[in-house]
Amino acid sequence: MKKTRIFDTDVQLLKYKVLKEVARYAFEDKLERCHYEIPQKIVEGPEATMRCCIYKERAIVEERIELALGGNKNNPNVIETLSIACDECPVQSYSVGDSCRGCIAHRCENNCPVGAITIVNQKAQIDYDKCIECGKCASVCPFSAIKHSVRPCENACKINAIHMDENKKAKIDNEICISCGACVYQCPFGAIVDKSFITDAIRILKESENNSKYQVYAIIAPSISAQFSYAKIGQVVTGLKKLGFYSVVEAALGADMVAYKEAAELAEKGKLTSSCCPAFVSYIEKSFPELKPIVSHNISPMMEIAKYIKASHPDCKTIFIGPCTAKKMEYQKEELAGIMDCVLTFEELQAMIDSRDIELSELEEDILDNASYFGRIFARSGGLSDAVAQALSEHGITEEQFRLHAAVCDGIEQCRIALLKEKKGVLKENFIEGMACVGGCIGGAACLTHEPKDKSLVDQYGMLAKEKKIKDTISVLHIIDK
């Protein structure tokens, strides 16, 4: 099967091509040549296929190579804009369409507070030098002839962190941005990209000398169940070991550990928000700082299982692989330093696998069975709440003692509503499950494909787990109540 078919857009395909070539050069210790050779390889010419000329196409590829090598070290955000790639999408938010009938009511003109609309030849016209984009004209037009257009990146960002700079290029406000990556996929010109640490991962693998100097653990997000549709999960595990990983562990095991601890914390405090989604936690910290006291003190499943592995094998290295760009910010937090050594996305994993010419669908299946049903369903919206409910039961906490009422937030917009209610003291629920991505982690910004995911696939994957209860999993590791 051709790997190009697993991507939704040519923008995603271009990103993959750059990552794959950078990975190939890194494995072969040829990175010093990548800036010159990779643009020539990807943009062969002589005719341009994406931009005005092959020279601009190659210049954009060079900028993408920089992001594949870690991006701007002076920019703490893992989401960056490529100014050269930005198309400066039309900035007129309101425009008059052909459905304008030139009516004599002139509601648009009469309701404009700054006199930006005039009627010329029986049709409304907008003076953009005066327009303040208040939208009153559009709201009163009886024919809905005045249209409101929003840049794709601005429309994708539900927290209003993207604006135009003085050159009408997209600009990210790091003080607001939560690094969820929603804008990355939605930009039709690929001008917003997440930094990659793929070369760091390859360096860690290579310097382990086939795991003789230290062991390298791959920690796989449970949302893998909705990825790699052309291969089985067991084949992906085999592929990871062919890349050089010593062992593959489910982050879902960390989810079991977190659910068990979070349930106890919730019962003790009476009200809590989840701490599993780093974008959601960042959103609270930046936009609702007064609610920080009710954020769970537990670290995320990714960090929980990495912490456990490091405690058992102090000299090992851990690399997380999932659909989340915000995880790239999380593992760099000062208070979490040393727990996780690198974070990759499913996109980057695909690029690494193909850079080594590994065909997953032809491999034998290895075993990935380290978590319970409840740990695995963390990948979908509502799964975390189900796991906490199960953990409360397994703690022996009855409904008479404490009853869970969860506000399941499917996407950042629902998170905002729940947090606003809590801020005003009118939220009825006592637990907020916050997932920044619609659908939960299976809808993450760095998924291989972005069509609506079937949540039942996660449940089916969860049912494959040998352990059906949370205690069944974590008791084997002797970590209950630790």
Side-chain angles (χ1 to χ4, degrees), residues 1-23 42-43 49-51 57 60-61 63-64 67-68 78-82 85-87 89 150-158 162 170 179-196 198 221 223-231 233 236 279 321-328 344-355 359-361 379-381 410-412 435-458:
M1 175 178 180
K2 292 182 178 179
K3 297 298 187 304
T4 56
R5 294 180 184 175
I6 68 174
F7 300 113
D8 300 331
T9 70
D10 286 352
V11 168
Q12 201 179 6
L13 177 59
L14 175 61
K15 179 181 180 181
Y16 156 80
K17 287 181 176 179
V18 172
L19 288 169
K20 183 180 73 171
E21 291 305 320
V22 167
I42 293 178
V43 183
T49 59
M50 297 176 287
R51 301 286 182 154
E57 290 183 359
I60 291 172
V61 170
E63 293 292 324
R64 284 184 166 275
L67 283 170
V78 296
I79 309 297
E80 289 193 12
T81 57
L82 298 177
C86 183
D87 190 57
C89 301
V150 182
R151 282 183 165 202
C153 57
E154 291 178 311
N155 187 54
C157 182
K158 304 306 180 184
I162 299 181
S179 306
C180 68
C183 54
V184 174
Y185 177 71
Q186 290 300 331
C187 177
F189 286 90
I192 305 177
V193 189
D194 55 307
K195 294 177 181 177
S196 176
I198 195 169
S223 51
I224 191 175
S225 59
Q227 302 291 315
F228 301 99
S229 58
Y230 67 93
I233 293 175
V236 178
I321 304 168
C324 182
T325 54
K327 290 290 186 187
K328 295 181 179 182
L344 296 173
T345 64
F346 287 131
E347 291 177 319
E348 291 160 346
L349 175 58
Q350 183 69 72
M352 284 179 65
I353 288 170
D354 292 345
S355 75
E359 182 52 64
L360 293 181
S361 60
R380 62 156 170 85
S381 176
D410 189 359
I412 203 67
M435 294 288 187
C437 296
V438 174
C441 299
I442 57 174
C447 286
L448 295 180
T449 60
H450 294 262
E451 76 277 359
K453 300 297 191 304
D454 185 354
K455 294 182 181 181
S456 66
L457 291 176
V458 177

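All values below were derived from every heavy atom in this structure, side-chain atoms included, with hydrogens, water molecules and symmetry-related copies excluded. What you see is a predicted model; the values in this text were computed from it and never measured.
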Candidate pair V236 and Q227, rule side chain to side chain contact (heavy atoms under 4.5 Å, CB included), full reasoning: CA-CA 10 Å; V236 178; Q227 302 291 315; over 6 Å; no
Give the C-alpha distance, both sets of side-chain angles, the deciding distance and a yes or no for side chain to side chain contact (heavy atoms under 4.5 Å, CB included) between L67 and V18. CA-CA 10 Å; L67 283 170; V18 172; over 6 Å; no
Report the residues that fulfil salt bridge (charged side-chain N to carboxylate O under 4.0 Å, His left out) with K158, sequence neighbours left out, ordered by chain and then residue number. none
Tell me whether E80 contacts the main-chain N or O of K195 through its side chain, where contact means a donor paired with an acceptor under 3.5 Å. no
Using modelled atom types only, decide if a donor and an acceptor are shared between the side chain of Q12 and the backbone of D8 within a distance under 3.5 Å. yes
Tell me the salt bridge (Lys or Arg N to Asp or Glu O under 4.0 Å) pairs involving residues 436-449, sequence neighbours left out? none
Please evaluate residues I321 and F346 with respect to the criterion side chain to side chain contact (heavy atoms under 4.5 Å, CB included), reporting the C-alpha separation (whole Å), side-chain torsions for both, the decisive distance (0.1 Å), and the verdict. CA-CA 6 Å; I321 304 168; F346 287 131; 4.0 Å; yes
Going by the rule side chain to side chain contact (heavy atoms under 4.5 Å, CB included), which residues pair with A85 if we only count those two or more places apart in sequence or in a different chain? R51, I60, L82, A191
Check: F7 and K15 side chains under 4.5 Å, non-hydrogen atoms: no
Treating Q186 as the side-chain partner and C183 as the backbone partner, does any N or O pair qualify as donor plus acceptor under 3.5 Å? no
Please determine whether a side-chain nitrogen of the Lys or Arg among K327 and D194 lies less than 4.0 Å from a carboxylate oxygen of the Asp or Glu. no
Aromatic plane relationship, Y185 with H450 - under 30° parallel, 30 to 60° tilted, over 60° perpendicular: parallel
T325 side chain to C180 backbone, donor-acceptor under 3.5 Å: yes
What heavy-atom pair brings D410 and C437 nearest, and what distance separates the two atoms? OD1-O, 3.9 Å
Within the distance-only criterion (no hydrogens, no angle test), does the side chain of E347 pair as donor or acceptor with the backbone N or O of Y16 below 3.5 angstrom? no
Given 3.5 Å as the limit, does a donor-acceptor pair link the side chain of K17 with the main chain of I42, or not? no
